[in-house]
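First the structure, in the form of structure tokens, and then the observations on it.
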Amino acid sequence: MQQKRNIQIIEWEDLDKRKFYSFGVFMTMTIRATVYPAMLIRTRLQVQRGKSLYTGTYDAFRKILRAEGVRGLYRGFMVNTFTLISGQAYITTYELVRKYVSNYSKDNTLKSLVAGGSASLVAQSITVPIDVISQQLMMQGQGEHLTRFKVKPKVSGAKHTVTFCQTRDIIAQIFAVDGFRGFYRGYVASLLTYIPNSAVWWPFYHFYAEQLSKLAPSDCPHLILQAMAGPLAAATASTVTNPMDVVRARVQVEGRTSIIETFKQLIQEEGFWGMTKGLSARIISSTPTAIVMVVGYETLKKLSLRPELVDSRHW
């Protein structure tokens with residue numbers, strides 16, 4: 001625990017690991033369910049050519065809700081829940097790498113940057129195949145003409161199995177066309193998007209929390225300051241990494257193989273503003289994600305403190 005900082009940071013060695021993982025699964029699932037519609041909208045906005053389908057985030061939300069209902073906003077959600085595994089891998093890697101780096105440096109920015117990047121590397125290795133499948137499912141309905149794979153028409157009397165049939169159908173199509181490598185399409189683009197995003201988010205999160213603590217009254221609960229710092233850090237990281245996120249989405253959905261060629265074509269067809277496609281949806285999704293994640297994660301760590309440390313931590 002770094003006692004010299006205004007915002008106390010609960011480190012890995014302070015935690016009861018059994019409680020940490022038990023509460024962590026529930027927290028991750030809650031976050032996923034909350035932000036999934038914005039993730040779906042972001043994907044469709046990034047893949048469409050110009051404004052051929054939607055004019056913006058609100059327009060996409062309205063059209064999807066009207067044409068496909070609430071279920072349309074959750075296409076591919078069941079598959080995406082498997083990212084619970086990568087979520088646990090992420091937080092474990094983050095905390096362990098922070099602990100390792102602290103043996104060589106006490107600088108919090110360095111620890112956050114290295115740990116955040118490392119955690120994203122591990123998590124993306126698990127997440128990319130899940131993303132490839134869920135993104136294809138996200139594009140069904142109004143966006144199906146923008147993707148290579150289309151699910152078969154629903155069979156009458158099979159309503160209770162339709163989700164699993166669609167998922168199995170998409171998996172079979174991807175494997176038939178691209179083989180096992182198809183499930184890791186866009187892996188490099190994902191690393192180039194999410195490693196910097198994670199590496200930027202954590203240092204800025206601690207930076208904003210620390211700056212807010214200097215402006216706030218001394219008796220202001222740390223959790224409020226952290227809840228404000230999370231969205232600021234998320235908006236910063238999203239803005240910095242959005243161009244590569246657009247490229248990543250197109251590589252994975254359209255089946256492209258070259259990141260550079262995809263980037264060049266995007267600039268040629270849509271100019272600089274093509275790099276901002278889906279940014280508002282990404283910030284909108286990252287804001288509640290950041291608030292829920294920060295409040296949930298910091299609360300998770302507080303609840304997971306070893307019993308002898310509970311009374312010594314300002315909250």
Do [X] and [Y] come close enough that some side-chain heavy atom pair is under 4.5 Å?
X: Tyr208; Y: Thr236; value: yes
X: Ile174; Y: Arg185; value: no
X: Ser86; Y: Thr83; value: yes
X: Thr262; Y: Leu266; value: no
X: Ser118; Y: Tyr94; value: no
X: Leu45; Y: Lys277; value: no
X: Phe183; Y: Val128; value: no
X: Asn242; Y: Gln46; value: yes

Please evaluate residues Gln226 and Tyr297 with respect to the criterion side chain to side chain contact (heavy atoms under 4.5 Å, CB included), reporting the C-alpha separation (whole Å), side-chain torsions for both, the decisive distance (0.1 Å), and the verdict. CA-CA 10 Å; Gln226 290 165 327; Tyr297 190 59; over 6 Å; no
With sequence neighbours excluded, residues passing side chain to side chain contact (heavy atoms under 4.5 Å, CB included) with Phe263: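 Phe263 satisfies side chain to side chain contact (heavy atoms under 4.5 Å, CB included) with Val247, Ile267, Met275 only.
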Can you tell me if [X] uses its side chain to pair, donor with acceptor, with the backbone of [Y] under 3.5 Å?
X: Lys19; Y: Lys17; answer: no
X: Thr299; Y: Gly296; answer: no
X: Thr81; Y: Met78; answer: yes
X: Thr43; Y: Met39; answer: yes
X: Arg282; Y: Ser238; answer: yes
X: Gln136; Y: Val132; answer: no
X: Ser134; Y: Asp131; answer: yes
X: Ser198; Y: Gly116; answer: yes

Does the pair Tyr187 and Ser125 meet the rule for a side-chain hydrogen bond (donor to acceptor under 3.5 Å, both in side chains), with working shown? CA-CA 8 Å; Tyr187 177 63; Ser125 298; 2.8 Å; yes
Can you confirm whether more than 12 heavy atoms, excluding those of [X], are under 6.0 Å from its [atom1] atom?
X: Phe82; atom1: CZ; result: no
X: Glu269; atom1: CD; result: yes
X: Tyr194; atom1: OH; result: yes
X: Phe61; atom1: CZ; result: no

Which atom pair, heavy atoms only, marks the closest approach of [X] to [Y]?
X: Gly76; Y: Tyr36; value: C-OH, 3.1 Å
X: Ile130; Y: Asn80; value: CG2-CA, 3.9 Å
X: Pro203; Y: Ala199; value: CD-O, 2.8 Å
X: Leu73; Y: Ile64; value: CD2-CG2, 3.7 Å
X: Ser120; Y: Ile195; value: OG-N, 3.4 Å
X: Val295; Y: Leu223; value: CA-CD1, 4.0 Å

Checking side chain to side chain contact (heavy atoms under 4.5 Å, CB included) for the pair Tyr205/Val294: CA distance, chi angles, key distance, verdict? CA-CA 9 Å; Tyr205 165 60; Val294 166; 3.5 Å; yes
[X] with [Y]: basic N within carboxylate O range, under 4.0 Å:
X: Arg42; Y: Asp245; value: yes
X: Glu11; Y: Arg306; value: no
X: Asp107; Y: Lys111; value: no
X: Arg44; Y: Glu68; value: yes
X: Asp178; Y: Arg181; value: no
X: Glu13; Y: Lys99; value: no

Which residues end up grouped with Leu215 if you chain together Ile, Leu, Val, Met, Phe, Trp and Tyr wherever their side-chain heavy atoms are less than 4.5 Å apart?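 Leu215 shares its hydrophobic cluster with no other residue.
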Tell me whether Val114 is reachable from Trp202 by hopping between hydrophobic residues (I, L, V, M, F, W, Y) whose side-chain heavy atoms are closer than 4.5 Å.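 Each belongs to a different hydrophobic cluster.
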Co-membership, hydrophobic cluster, residues Val253 and Leu53, 4.5 Å side-chain: yes
Quick check on the 6.0 Å ring-centre criterion: do Phe20 and Trp12 meet it? yes
Any side-chain donor near an acceptor of the partner, Thr92 and Tyr21, under 3.5 Å: yes
Between Arg62 and Thr57, do the side chains contain an N or O donor and an N or O acceptor separated by less than 3.5 Å?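 On atom types as modelled, these side chains do not qualify, holding no pair under 3.5 Å.
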Check each of Lys264, Arg250, Arg49 against Glu270 using the salt bridge (Lys or Arg N to Asp or Glu O under 4.0 Å) test, and report the only one that passes. Arg250
